[in-house]
Amino acid sequence: MLGIIGGTGLTQLANLEITHRQVARTPYGEPSGALTFGRICGQDVIFLARHGYGHTIPPHAVNYRANLWALKDHGVDRVVSVATVGGIHPGLIPGTLTIPDQIIDYTHGRAATYFASDDKPVTHLDFTFPYCEAMRAALLQAAARAGISLREGGVYGAVQGPRLETAAEINRMERDGADMVGMTGMPEAYLARELELCYATVGAVVNYAAGRGLSAEGIHMEEIQSVLGEVMLQVRHLLEQLVTNDAAGLCTY
Ligand code: HPA
């Protein structure tokens with residue numbers, strides 16, 4: 001079953017016919033909120049709002065382990081994560097949707113593995129390609145069918161937050177090779193790998209990164225708000241098309 005993790009601007013899915021909600025408990029504590037079970041275009045999905053349904057949990061305090069564990073525990077085997085990002089690459093202007101293919105992790109102090117307790121052997125998993133290629137391909141195919149323009153590939157720089165970056169930090173990230181910056185991509189992607197979930201991210205660009213473009217003099221929240229509604233509408237269409245493809249047997253993930 002498909003799991004959808006919604007970020008800022010996507011605390012609910014307008015096109016989801018909700019069947020029920022369930023509070024989940026995990027060995028790692030409670031997820032960000034109750035799991036929302038429902039159907040999109042007749043396909044079963046589970047939705048979870050990463051920051052809680054009232055958007056009260058900041059990126060560094062999200063219980064990423066509980067979120068993914070709860071989804072898997074309820075039958076999810078593939079996950080689309082939706083995350084807002086700031087655009088560093090000049091082609092990633094606000095309003096763009098993107099499917100990153102790489103990650104640089106700048107976060108710290110987050111519970112980043114399920115193999116942390118004394119009774120578990122130290123485990124190092126391959127993470128050369130952090131996203132599930134089959135899911136990325138399915139998203140790209142869905143976008144093409146829905147006529148949604150999507151930028152393929154790019155490096156997601158995961159920062160700690162909740163503060164936004166300085167212009168110098170963005171310059172450094174660009175030198176590192178990051179194309180976009182967001183606060184929630186890690187450890188979520190790696191934990192999904194540990195749970196053997198097929199996982200990919202839809203990055204929704206909602207602002208120019210600090211010091212770039214219209215953010216040259218600073219990032220303005222009103223600008224983010226003005227882009228968020230429209231870009232999340234595109235995300236909804238994309239998800240609808242993804243599950244429709246799924247129903248038609250077009251997805252290979
Ligand atoms: N920086 C970090 N995270 C973000 C940004 C940003 O500019 N925009 C959306 N999420």
Side-chain angles (χ1 to χ4, degrees), residues 4-12 32 48-52 54-64 67 80-110 112 130-131 150-151 153-190 199-236 238:
I4 298 167
I5 302 179
T8 303
L10 197 73
T11 49
Q12 55 187 25
S32 300
L48 178 61
R50 185 187 287 113
H51 300 284
H55 204 277
T56 50
I57 309 170
H60 61 281
V62 169
N63 191 339
Y64 296 96
N67 285 353
V80 178
S81 132
V82 180
T84 59
V85 293
I88 300 176
H89 187 285
L92 289 179
I93 61 169
T96 309
L97 288 186
T98 173
I99 310 284
D101 59 357
Q102 278 294 334
I103 296 174
I104 301 176
D105 187 6
Y106 299 92
T107 67
H108 51 85
R110 301 183 179 187
Y131 298 110
L150 202 67
R151 208 184 152 90
V155 178
Y156 178 109
V159 295
Q160 182 71 358
R163 70 168 175 84
L164 291 160
E165 300 68 45
T166 66
E169 285 169 335
I170 293 299
N171 289 340
R172 183 185 77 151
M173 289 179 74
E174 184 174 47
R175 287 194 298 274
D176 285 353
D179 297 305
M180 66 199 88
V181 52
M183 299 179 190
T184 55
M186 285 294 284
E188 199 173 81
Y190 183 66
Y199 174 99
T201 291
V202 178
V205 184
V206 293
N207 60 284
Y208 290 96
R212 303 295 163 102
L214 286 178
S215 303
E217 304 298 326
I219 296 176
H220 302 288
M221 294 308 139
E222 312 81 64
E223 267 166 41
I224 294 184
Q225 286 306 329
S226 70
V227 175
L228 204 54
E230 178 54 35
V231 83
M232 287 304 158
L233 203 63
Q234 297 272 319
V235 169
R236 288 194 179 108
L238 178 63

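Both counts, for ligands and for their atoms, begin at 1 and track the order of listing. The figures that follow rest on heavy atoms only: side chains count, while hydrogens, waters and symmetry mates do not.
- Every N/O-N/O distance between Tyr208 and ligand 1 stays at or above 3.5 Å.
- Contacts with ligand 1 closer than 4.0 Å are made by side-chain heavy atoms of Asn207 only, the backbone lying farther away.
- Atom 5 (C) of ligand 1 has its closest protein heavy atom at Gly86 N, 3.5 Å.
- How far OH of Tyr64 is from CE of Met186: 10.5 Å, rounded to the nearest 0.5 Å.
- In this structure, Met173 and Ile104 have side chains that are not in contact, with every pair of non-hydrogen atoms separated by 4.5 Å or more.
- Once rounded to the nearest 0.5 Å, the distance linking CG of Leu164 with CE of Met183 reads 4.5 Å.
- A distance of 15.5 Å separates CD1 in Ile93 from CZ in Arg212, rounded to the nearest 0.5 Å.
- Looking at Glu188 and Tyr199, their side chains come closer than 4.5 Å, going by heavy atoms from C-beta outward.
- Taking OG1 of Thr8 as the reference point, atom CD1 of Ile224 lies at 9.0 Å (rounded to 0.5 Å).
- Atom 4 (C) of ligand 1 has as its closest protein heavy atom Val181 O, 3.6 Å.
- Between the side chains of Ser32 and Asn67, a donor-acceptor pair is found at a separation under 3.5 Å.
- Of the protein's non-hydrogen atoms, the one nearest atom 6 (C) of ligand 1 is Leu164 CD2, 3.5 Å.
- Scanning the protein for heavy atoms near atom 10 (N) of ligand 1, the closest one is Thr84 O, 3.4 Å.
- At a heavy-atom distance under 4.0 Å, no atom of Ile224 approaches ligand 1.
- Nearest non-hydrogen protein atom to atom 2 (C) of ligand 1 is Glu165 OE2, 3.3 Å.
- Between atom 3 (N) of ligand 1 and the options Gly182, Ala209, Ala83, Ala204, the minimum heavy-atom separation is to Gly182.
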